[in-house]
Amino acid sequence: MSSLAKNYNRRKIAFKKGKGSFLYGTNGKKYLDFVQGIAVNSLGHANSYLIKAINKQTKKLWHVSNAFIIPEGEKLAKRLTQKTFADYVFFQNSGTEATEAAIKVARRYFYSIGKPKKNRILCIKNSFHGRTIAAIFASGSKKMTEGFGPKVPGFDHFKFSDLKSLKKSITKNTAAIMIEPIMGEGGIKVHSNSFLRNIRKICNDKNILLIVDEVQCGIGRTGKFFAFEHAKIKPDIVPIAKGLGGGFPIGAVLMTKKAAKGINIAGTHGSTFGGNPIAMNVGNAVLDQIYKKGFLKKVKKRSEYFHNELNKIKDNNPKLIKEVRGVGLLIGLQLYKEQAKFIKKLEKNKLLTIRAGENTVRILPPLIVNKAELDLAVKIIKKTCREFN
Ligand SMILES: *Cc1c(COP(=O)(O)O)cnc(C)c1O
């Protein structure tokens, strides 16, 4: 009997090693892994460049307190700001810590300008921002919050992509609107660029900060470094995590100089492990690869090919597949039938995928996926559709 708590419904497979897009099961089978730790292993498994970087660092220094200067973190923060909208960065160890920090940054900004009552955070109903007490109430999901009361105050909700509902939910005390540009857990639901631009405009007009949660869709996953870049908007605060560490725990919140006003004061926030030299060094190594000339162009090209092939499969299986969703390598196959069974059959055919909301099969290849691997996935999905019909 396992001594692990049963808060996960674990699949009955384990792996002895990974390499690139593949995982090798203890059952002797080789799987094409299009889960990749849920968009975490952005450069695939056992990436030799990342291995070199982490090995080098583990011999030098693992951990020092944030009471001292950490050069690897200075470097990573500099690089994250030089290429983006942000002026300041604060590091954490996970996505939910990053979204929590984002909420704190927004509230502390209005506090610092003498508007402490402007502290409410407006989120999408049934969104996902992590599992801490604040983050689950930010999500507004009944399932995630059930039994975890009392309800954390300070969160309001609007309906996905519904401008009327958004406008109606704003009050004079709305400090920030927090959205995922593409809802990952929620079913790979993509906001239109015009909706995102509308939100930005509303935030400008009403002195509201825009928090864009890029924990899942950021760091190159959509073919741009950030998903919000597709809409050509500039957010004020952006939590990131998953893909930045390539498999090593890391989180960060990026912010403009203005938004950072309240948190840029010693003692306002902190983390013991956040920003440790190993995580920072791995983050830098991931950026070395993603910032390489042509890297994101390749992600875009590969993903266009894959979307095209998936749409052909959809057209040939109109009763099974409702929609191919997503941008870049953040992909959802929305099914008519129960997706759990389909995912199981894909696994039997040695392609690993994972569920998302709204009956969606989530497909997350590593950003370094090649054409032959995509072709293999297409072949497996076709075969699985045949077996399913
Ligand atoms: C995964 C995720 C989080 C939470 O990240 P953890 O590292 O699991 O805490 C937050 N927001 C989004 C959009 C995510 O996909």
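Read the numbers this way: they start at 1 and go in the same order the structure lists the ligands and their atoms.
- Side-chain contact of Y305 with D375: a donor-acceptor pair under 3.5 Å is present, judged by distance alone.
- Counting only heavy atoms of the protein, atom 5 (O) of ligand 1 lies nearest to G95 CA, 3.2 Å.
- Remark: ligand 1 and E97 share no N or O pair separated by less than 3.5 Å (distance only, no angle test).
- In this structure, K115 is not positioned above the aromatic face of F110 in the sense of NZ or CZ being under 6.0 Å from the six-membered ring centre and within 45° of the axis.
- Looking at V40, I250, D213, it is D213 that brings a heavy atom closest to atom 12 (C) of ligand 1.
- Listed by atom number, the atoms of ligand 1 under 4.0 Å from Q216 heavy atoms are 15 (O).
- A salt bridge does not link D156 to K125: none of the charged side-chain nitrogens sits closer than 4.0 Å to a carboxylate oxygen.
- At under 3.5 Å, not a single nitrogen or oxygen of E185, backbone or side chain, sits near a nitrogen or oxygen of ligand 1.
- With atom 4 (C) of ligand 1 as the reference point, the heavy atom nearest to it among T96, I182, I240 is part of T96.
- Only the backbone of H129 comes within 4.0 Å of ligand 1, judged by heavy-atom distances.
- Remark: E323 pairs with R325, Q334 by the side-chain contact (heavy atoms from CB on, under 4.5 Å) rule, at least two apart or across chains.
- In this structure the side chain of I321 reaches within 4.5 angstrom of the side chain of C385, judged on heavy atoms.
- For the residue pair T256 / D87, no side-chain donor-acceptor distance below 3.5 Å is found, with atom types taken as modelled.
- The protein heavy-atom contact nearest to atom 2 (C) of ligand 1 is K242 NZ, 2.5 Å.
- Counting only heavy atoms, the protein gets under 4.0 Å from atom 7 (O) of ligand 1.
- Residues E100 and T132 have side chains that bring a donor and an acceptor to within less than 3.5 angstrom of each other.
- Atom numbering of ligand 1 starts at 1 in the shown order; those under 4.0 Å from a heavy atom of E180 are 13 (C).
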